[in-house]
Amino acid sequence: MEAGGVADSLLSGACVLFTLAMYSTGLSDLRQMRMTRSVDSVQFLPFLTTDINNLSWMSYGALKGDGTLIFVNATGAVLQTLYILVYLHYCPRKAKIIQTRSTQRLSFPLTIATLLTSASWTLYGFRLGDPYIMVPNLPGILTSFIRLWLFWKYSQEQDRNYPLLQT
């Protein structure tokens with residue numbers, strides 16, 4: 001196998017690994033919803049947008065014949081749909097949104113996973129010379145850095161202490 005083929009395989013594997021890890025961060029939200037029988041500490045929008053994103057990328061993967069895109073996004077679509085169904089099951093009729101200067105409702109593991117996933121897919125797209133893979137992942141990198149800045153700027157609850165980000 002030539003050097004480019006090995007690099008492509010490693011990068012493809014990293015994309016799959018980081019993406020599946022990112023999708024699995026929702027399992028902690030799923031567990032929280034089931035234990036508390038509420039959605040108070042869980043946001044709905046990331047599940048919905050990720051599910052729509054997965055279905056779109058899975059379609060693109062099918063058109064392109066890219067097994068990596070098909071596999072990882074089919075898996076993501078199944079998991080995100082599961083998270084949405086559980087969320088809807090425990091969601092009260094009238095939800096209140098309280099604006100605070102707290103990162104309590106942000107997921108640190110999801111932020112790190114999104115950064116790694118978006119960066120690896122951007123590199124994958126760059127390596128293939130495919131801007132349709134590369135460009136849509138750039139916002140994930142940017143928003144991850146913004147969320148990391150928010151974790152640094154605003155305090156967290158004591159049980160969600162991330163000392164590496166605090167000065």
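In this chain, residues are counted from 1 in sequence order.
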Taking C-beta and beyond as the side chain, do T49 and F44 meet within less than 4.5 Å on heavy atoms?
-> no
Close side-chain approach of P136 to W57, heavy-atom, < 4.5 Å = yes
Contacts of T81 meeting side-chain hydrogen bond (donor to acceptor under 3.5 Å, both in side chains) (sequence neighbours excluded), chain-then-number -> D51
ILVMFWY cluster, L17 and F71 together (side-chain gap under 4.5 Å) | no
Indicate the atoms forming the closest heavy-atom contact of M33 with V39, along with that distance.
-> SD-CG1, 3.7 Å
For C15 and S120, which heavy atoms make the closest approach, and how far apart are they?
-> SG-O, 3.2 Å
W121 reachable from M134 in the ILVMFWY side-chain graph, under 4.5 Å edges = no
So CD1 of I141 and OG1 of T122: to nearest 0.5 Å the spacing works out to 3.5 Å
Do L82 and V78 share a hydrophobic cluster, counting only Ile, Leu, Val, Met, Phe, Trp and Tyr and linking them when any side-chain heavy atoms are less than 4.5 Å apart?
-> no
Could you tell me which non-hydrogen atom of T117 sits nearest to which non-hydrogen atom of F18, and how far apart they are?
-> OG1-O, 2.9 Å
Rounded to the nearest 0.5 Å, what's the gap from CG on L30 to OG1 on T25? Could you check?
-> 11.5 Å
What distance separates I112 CD1 from R147 CZ, expressed to the nearest 0.5 Å?
-> 9.5 Å
Tell me, with the steps shown, if N54 and Y23 meet side chain to side chain donor-acceptor pair (under 3.5 Å).
-> CA-CA 10 Å; N54 288 141; Y23 296 153; 2.4 Å; yes
Taking all non-hydrogen atoms of both residues, which atom of A77 and which atom of L55 are closest, and how far apart?
-> CB-CD2, 3.8 Å
Side chain to side chain contact (heavy atoms under 4.5 Å, CB included) test vs S144 passes for just one of T114, L110, L116, namely T114
Heavy-atom side-chain contact between D40 and Q32 under 4.5 Å | no
Closest non-hydrogen atoms of T75 and L20, given as atom of the first, atom of the second and distance, are CG2-CD2, 3.6 Å
Report yes if some heavy atom in the side chain of Y124 is under 4.5 Å from a heavy atom in the side chain of N137; otherwise report no.
-> no
Is any side-chain heavy atom of D8 closer than 4.5 Å to a side-chain heavy atom of R127?
-> yes
Check the pair D130 / K64 against side-chain contact (heavy atoms from CB on, under 4.5 Å), numbers first and verdict last.
-> CA-CA 11 Å; D130 190 336; K64 189 173 174 156; 2.4 Å; yes
Within a strict 4.5 Å, meaning less than it, do heavy atoms of the F145 and L142 side chains meet?
-> no
CG (L79) and CE (M22) are apart, to the nearest 0.5 Å, by 10.5 Å
Y132 atom OH: more than 12 heavy-atom contacts under 6.0 Å = no
So do the side chains of T19 and N73 get within less than 4.5 Å of each other, counting heavy atoms only?
-> no
F47 and Y83 aromatic ring geometry - parallel, tilted or perpendicular at 30°/60° bounds | tilted
Tell me, with the steps shown, if L48 and Y87 meet side-chain contact (heavy atoms from CB on, under 4.5 Å).
-> CA-CA 11 Å; L48 179 62; Y87 186 96; over 6 Å; no
Tell me, please, which residues at least two apart from S12 pass side-chain hydrogen bond (donor to acceptor under 3.5 Å, both in side chains).
-> T68
Do the side chains of I70 and Y60 join up, straight or via other hydrophobic residues, at under 4.5 Å, putting them in one cluster?
-> no
Could you grab the distance from atom NE2 of H89 to atom CG of L85, nearest 0.5 Å is fine?
-> 10.5 Å
Between Q80 and P46 the two heavy atoms that sit nearest each other are OE1-O, 4.3 Å
Does the side chain of I133 come within less than 4.5 Å of F126's, by heavy atoms?
-> no
If only atom types and distance count, is the side chain of S118 paired as donor or acceptor with the main-chain N or O of L115 below 3.5 Å?
-> no
